[in-house]
Amino acid sequence: MSLKLHNTYSHKIEELVPSNPDGVVRMYCCGPTVYNYAHIGNLRTYIFEDVLRRTILRNGFKLTHVMNVTDVGHLTSDADEGDDKMLLAAEREKKSVLDIARKYEDTFFKHTAALNIMRPDIVCRATDHVQDMIKFVEKLEEKGYAYFSNGNVYFDTAKFPAYGMLSGQNRKDLRHGARVEEDTNKRNPSDFVLWFTSSKFKDQILQWDSKWGRGYPGWHIECSTMSMKYLGEHLDIHCGGVDHIAVHHENEIAQSEAYLGHKWCKMWLHGEFLQMKNDVKMSKSKGNFITLDTLIEKGYSPLHYRYLTLTSHYRSPLIFSYENLDAAATAYNNLKAKYVEFKQVGEVSVSDDDLKLYQAYLDEFNSHLDMDLHTPQAMALLWKVVKDKNLPASLKVKFMDEADTVFALDLAKVEENKAMDAPVIDDAIKALVEERKAARVAKDWKKSDEIRDKLLAQGIVLKDLPNNEVEISIK
RNA sequence: GGCCGGUUGGCAGAAUGGUUAUGCAGAGGACUGCAAAUCCUUUGAUAUCGGUUCAAUUCCGGUACCGGCCUCCA
């Protein structure tokens with residue numbers, strides 16, 4: 001058994017082999033910038049990373065998983081048009097920058113927990129590591145990769161010939177000022193800021209002293225600094241969204257390998273976007289996004305959304321619409337109902353052939369996950385198992401439990417909240433039910449249906465069982 | 001302008017050089033007084049134009065359209 005993953009750097013599927021002698025897989029994932037709520041597109045990427053994490057563990061590897069929280073405002077860009085995001089958020093909400101950051105950080109982890117996303121082993125905030133970043137930049141400067149120009153420290157991409165390898169973009173093809181005003185302090189268009197002391201924008205609230213003057217770090221430096229601090233010089237896996245490939249991850253590679261003097265990260269994995277149907281891209285900066293709370297308010301469970309994301313491959317775009325979410329919610333509810341049904345059957349004797357069949361299914365399931373996290377095929381297989389008449393219910397339950405170690409859909413968890421907000425079935429309702437029973441005995445179908453409709457209007461569903469028994473449930 | 005990725009049934013979404021998963025929806029049937037739920041069965045798709053091939057949805061090329069990146073974004 002081996003775990004194979006698609007490496008953006010090589011464009012190939014490669015086997016995961018830990019590069020450190022202790023055999024521990026070292027994984028770093030780009031975390032949230034906490035100036036606003038994470039939207040469901042952001043969350044898709046974290047679900048993908050969680051599936052990756054769970055699959056690594058399922059393969060028996062030891063893992064150290066690190067994620068950053070970007071709580072220092074960064075405009076970073078070398079010729080930025082925008083204001084600092086954190087500062088804007090603070091103004092918008094009349095709070096201090098750090099209060100804002102903590103608030104959104106808390107919400108982020110509340111949302112990821114609701115989606116059954118395991119918390120990384122180490123979560124690190126940028127603001128706690130600024131001194132480390134300063135040292136990092138100093139060393140880059142000593143090694144001749146950085147230059148000081150008009151108040152800012154820049155990384156000189158001309159000194160790093162491999163720049164652009166990840167995204168396949170040539171340094172020279174990058175368009176000067178394609179979308180942004182050109183920064184004339186830079187030597188090359190692809191150069192990026194490591195440390196700011198001067199900005200044409202408002203004074204930053206969060207600033208630190210450095211040998212170049214009081215200022216703040218460029219955005220890219222935090223990921224290199226913190227990943228090395230916690231994971232050392234040889235990283236196995238670095239994850240993020242596809243939008244990070246071209247600039248952020250390219251810059252991370254440049255500054256990290258320049259700093260270390262050797263190859264840094266082995267595998268790069270990137271999650272594709274969630275696309276809105278008939279709509280423009282969801283983005284924090286445009287403010288047009290759907291959060292997990294939006295879905296909850298509409299009556300969906302966070303796990304309905306998790307299910308939806310599992311039906312597509314992480315490297316394919318997924319189209320979001322409420323129609324699709326409804327389909328996922330129905331499928332998910334049906335799956336859970338199956339679990340309950342199989343569980344009720346209880347233990348029955350299982351033959352060797354049954355066990356063989358079970359094992360064959362399980363092997364196939366693992367092989368789908370181990371082939372670049374192919375959750376859609378694994379999910380299709382789960383349904384096949386659920387519907388297989390030749391497999392005893394107890395083994396179906398066992399299979400579903402196994403699948404849930406990666407899917408994390410709480411298939412075994414019994415819903416209790418439904419009973420909480422259920423209307424009370426009072427005496428008046430009971431009386432109507434009895435009245436209807438009598439009507440049915442008398443074959444007075446008109447009256448019977450009237451009573452059923454009346455109760456349905458109150459959200460009470462009647463289901464006729466044999467022997468004139470009635471099951472009363474809540475819509 | 002450069003660079004990535006994509007176009008599969010009603011909606012999503014896999015796979016594949018010859019037989020096109022899975023879920024949701026639809027249809028028919030069983031059950032029911034009728035329903036609901038459930039179960040069984042089932043219709044239906046590979047953007048477009050060329051090329052290679054015995055055979056292309058799959059490989060190659062052109063076109064159109066879509067998404068993303070080149071500024072912080074998952």
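Only heavy atoms go into these numbers, but all of them, side chains included; no hydrogens, no water, no symmetry mates. In what follows, chains are A, B, ... by sequence order, proteins preceding strands, each numbered from 1.
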- Can a donor-acceptor pair be found between the side chains of A/Asp71 and A/Tyr104 at a distance below 3.5 Å?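 Distance-only check fails for A/Asp71 and A/Tyr104.
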- Query: Do you see a donor-acceptor pair shorter than 3.5 Å between the side chains of A/Tyr37 and A/Asp293?
  - Reply: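 No, because no side-chain N or O of A/Tyr37 sits under 3.5 Å from a partner of the opposite role on A/Asp293.
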- List the protein contact pattern of nucleotides 5-10 of chain B with one symbol per nucleotide (5' to 3'): B for base contact, S for sugar-phosphate-only contact, - for none; contact means a heavy-atom distance under 4.0 Å. ------
- Task: Summarise protein proximity over nucleotides 29-38 of chain B in one line of letters, 5' to 3': B for base, S for sugar-phosphate only, - for none, counting protein heavy atoms closer than 4.0 Å.
- Result: ----BBBB-S
- Task: Could you check A/Asn116 against A/Asp50 for side chain to side chain donor-acceptor pair (under 3.5 Å), going step by step and ending with a plain yes or no?
- Result: CA-CA 9 Å; A/Asn116 280 346; A/Asp50 184 61; over 6 Å; no
- Begin with the C-alpha distance, continue with both residues' side-chain angles, and end with the deciding distance and a verdict on salt bridge (charged side-chain N to carboxylate O under 4.0 Å, His left out) for A/Lys398 and A/Asp401. CA-CA 5 Å; A/Lys398 203 171 164 190; A/Asp401 286 336; over 6 Å; no
- Task: Kindly express the pairing pattern of RNA chain B in dot-bracket notation, using | wherever a base pairs with another strand and counting only Watson-Crick or G-U pairs under 3.5 Å.
- Result: (((((((..(((.....[...))).(((((.......)))))....(((((..]....))))))))))))....
Over all strands shown, is [X] touching base, sugar-phosphate only, or nothing at heavy-atom distances under 4.0 angstrom?
X        : answer
A/Ala380 : base
A/Phe48  : nothing
A/His270 : nothing

Under 4.0 angstrom between [X] side-chain N/O and [N] OP1 or OP2:
X        : N     : answer
A/Asn324 : B/A12 : no
A/Ser316 : B/A14 : yes
A/His368 : B/A15 : no
A/His220 : B/C72 : yes

- When the nearest nucleotide of RNA chain B is assigned to A/Lys387 and to A/Gly241 on a heavy-atom basis, which residue is associated with the more 5' position?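 Taking each residue's closest nucleotide, the earlier one in sequence belongs to A/Lys387.
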- Query: Between A/Leu318 and A/Leu43, who's closer to the 5' end of RNA chain B by nearest nucleotide?
  - Reply: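 Nearest nucleotide further toward 5': that of A/Leu318.
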- Distance between C1' atoms of B/C54 and B/A15 (Å, rounded):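 One C1' to the other, the span is 24 Å.
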Side chain of [X] (C-beta onward), nearest among [options]:
X        : options             : result
A/Ala327 : B/G23, B/G68, B/A14 : B/G23
A/Ile319 : B/G13, B/A74, B/C72 : B/G13
A/Pro376 : B/A14, B/A74, B/C24 : B/A14

- Please walk me through it: do A/Thr127 and A/Trp208 pass side-chain contact (heavy atoms from CB on, under 4.5 Å)? CA-CA 10 Å; A/Thr127 50; A/Trp208 294 264; 4.2 Å; yes
- Are A/Phe407 and A/Phe365 close enough that their ring centers fall under 6.0 Å?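 Close enough - the centres of the two rings lie under 6.0 Å apart.
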- Query: Can you check whether A/Phe192 and A/Tyr154 have ring centres sitting under 6.0 Å from each other?
  - Reply: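 No: the rings miss the under 6.0 Å criterion.
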- Check against salt bridge (charged side-chain N to carboxylate O under 4.0 Å, His left out), A/Asp121 and A/Arg53: CA-CA 11 Å; A/Asp121 303 296; A/Arg53 179 197 166 108; 3.5 Å; yes
- Please report the closest heavy-atom contact between A/Gly241 and A/Thr45, naming both atoms and the distance.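 It is N-CG2, 4.1 Å.
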